[in-house]
Structures are given as structure tokens and as C-alpha cells.
Amino acid sequence: MNNMKRFKTVRLICGLMLMLLCGGVLQAQVAIPGTKVQYKFPTKWKYLSSQKVNANTMQYLYCYTAKPIVAKGDTALPFLRIYIRKNYTGEVFDFVFDRYNKEPYQSLSDYTQGLGLPKTGGMGYIGAYTNLKDKKDYQFRMVYFKVQNTVVEFRLETTRATYPQMEKEFEAILRSLKF
């Protein structure tokens with residue numbers, strides 16, 4: 001009986017070590033589907049869902065799960081959305097303008113070089129908007145870039161009240177983008 005218990009314990013420990021090892025490897029570098037672009041994905045974030053928008057477009061959602069983020073009595077669920085459109089022959093600016101027309105926001109700052117962008121051909125924003133349904137203000141970091149004929153919107157968002165708590169986390173994920 002002792003040998004059987006020991007065998008089960010060793011098997012359980014080996015299984016847990018393998019899960020931790022694989023989890024660390026899988027989460028260390030993640031490729032954005034349809035591109036060779038990779039980013040480091042912290043273990044504090046969890047995959048939520050994928051949605052096929054149309055034949056050329058996919059959306060991937062992740063949420064921050066490390067601990068509840070609370071500010072001004074409001075609990076927020078920060079999220080990451082990766083919006084990918086394949087076979088896009090236009091310019092990044094045209095794509096950004098089209099997306100803006102579908103989901104308007106206030107640009108608090110914008111840039112074309114630096115954090116989360118390739119050396120050429122991208123746009124980044126810190127933006128904000130008010131959701132009229134839940135009457136909350138939201139703030140986000142968003143970058144757009146194009147790799148061959150695939151254009152990507154990489155958006156990290158939370159409520160405006162909790163944004164200062166998440167800003168360093170958002171910046172670390174964007175800094176990890178490797179083109």
C-alpha cells in the first residue's frame with residue numbers, strides 16, 4: 001500500500017511539474033495568429049474566447065485575473081482584445097479610421113513610433129470613451145500595425161478609474177511585442 005501511495009504521489013507531483021513547466025513555456029511567448037509577431041503573455045491573464053467576425057477577421061479576448069481591481073467603489077475587469085484582419089490591402093491609417101468610425105473614442109495621445117509598434121507602419125493611442133449603457137468611463141492603450149497583408153488591433157482596456165493601476169501592466173505587454 002505504501003508503494004502505491006508513493007507512486008500516486010510521485011505521478012501527481014510529476015504531472016503538476018509538467019503542467020507548470022508547459023504553462024510557463026506556452027505563456028512565455030505567444031504568436032499573434034496569422035503573423036510572426038510574438039508577445040509575452042503574463043500568467044495573470046486568462047484566455048476568454050475567440051470570435052470569427054467574418055471570413056478574414058478574428059477576435060481574441062483575454063482578461064486580467066490576478067486580483068480584483070477596485071477604484072472609487074467600482075470593480076473592473078481589464079481586458080486584452082486582439083482583432084486580426086487578413087488579406088487587407090489598404091494602409092494602416094485607413095484601417096484605423098474605419099475602426100474609429102465603428103467605435104468612436106477620444107484620443108488622449110497618439111504616436112507612430114515606440115511602444116508596441118514595429119519600426120515602420122503602425123499607430124498607437126491612449127484613448128478614452130464613455131459607455132452609455134453602463135454609464136462608465138473607459139481608458140485604453142491600443143496599437144495598430146500591419147504585417148504583410150494582415151492588420152492587427154491590439155487593445156488593452158479597463159475603466160478610467162482603474163487605468164492608473166493597470167498602466168504598467170499594459171505597457172509591459174506592449175513592450176514585449178516582437179516583430
query: Mind checking whether V151 and V53 sit in one hydrophobic cluster, side chains of I, L, V, M, F, W, Y counted as touching below 4.5 Å?
result: yes
message: Is there a continuous path of hydrophobic side-chain contacts, each under 4.5 Å between heavy atoms, that joins V37 to Y88?
response: no
Check whether any side-chain N or O of [X] sits under 3.5 Å from a backbone N or O of [Y] as a donor-acceptor pair, and report yes or no.
| X | Y | result |
| --- | --- | --- |
| T130 | D137 | no |
| Y163 | E167 | no |
| S176 | Y39 | no |
| K40 | V30 | no |
| K136 | K133 | no |

Side-chain heavy-atom pair [X], [Y] within 4.5 angstrom cut-off:
| X | Y | value |
| --- | --- | --- |
| V143 | L174 | yes |
| I32 | Y60 | no |
| E103 | R155 | yes |
| Q59 | S50 | no |
| Y47 | L61 | no |
| L156 | M142 | no |
| Y138 | N131 | yes |
| Y62 | K46 | no |

query: Would E169 and R141 pass as an ion pair if we require N to O under 4.0 Å?
result: no
From [X] [atom1] over to [Y] [atom2], what is the distance, rounded to the nearest 0.5 angstrom?
| X | Y | atom1 | atom2 | result |
| --- | --- | --- | --- | --- |
| M123 | Q113 | CE | CD | 12.5 Å |
| E157 | L77 | CD | CG | 10.5 Å |
| L80 | T158 | CG | OG1 | 12.5 Å |
| L115 | L177 | CG | CG | 8.5 Å |
| Y125 | Y100 | OH | OH | 9.5 Å |
| I173 | K168 | CD1 | NZ | 14.5 Å |

Quick check: closest heavy atoms across [X] and [Y], and the distance to 0.1 Å?
| X | Y | answer |
| --- | --- | --- |
| G34 | T150 | O-OG1, 3.6 Å |
| A71 | T162 | CB-CG2, 3.7 Å |
| G122 | V92 | CA-CG1, 4.5 Å |
| T112 | L117 | C-CD1, 3.5 Å |
| T75 | P68 | CG2-CB, 4.4 Å |
| L108 | A128 | CD1-CB, 4.0 Å |

More than 12 heavy atoms of other groups within 6.0 Å of [X] [atom1]:
| X | atom1 | answer |
| --- | --- | --- |
| Y111 | OH | yes |
| K36 | NZ | no |
| E171 | CD | yes |

Within the 6.0 Å centroid threshold, strictly below: F145 and F179: yes
- request: Give a yes or no on whether the ring-centroid distance for F140 and Y105 is below 6.0 angstrom.
  value: yes
task: Would you list the pairs meeting ring pair (Phe, Tyr, Trp, His ring centres under 6.0 Å) in which at least one residue belongs to residues 64-87, sequence neighbours left out?
output: W45-Y64
Evaluation steps, side-chain contact (heavy atoms from CB on, under 4.5 Å), between I82 and I84: CA-CA 6 Å; I82 303 173; I84 301 166; 3.8 Å; yes
query: Judged by modelled atom types alone, do Y144 and E153 share a side-chain donor-acceptor pair under 3.5 Å?
result: yes
message: Would you say N149 and N87 are linked by a side-chain donor-acceptor pair, where the criterion is simply a distance under 3.5 Å?
response: no
message: Under the criterion side-chain contact (heavy atoms from CB on, under 4.5 Å), I'd like the reasoning laid out for Q106 against Y129: C-alpha separation, chi angles, the key distance, then a yes or no.
response: CA-CA 6 Å; Q106 175 188 5; Y129 69 95; over 6 Å; no
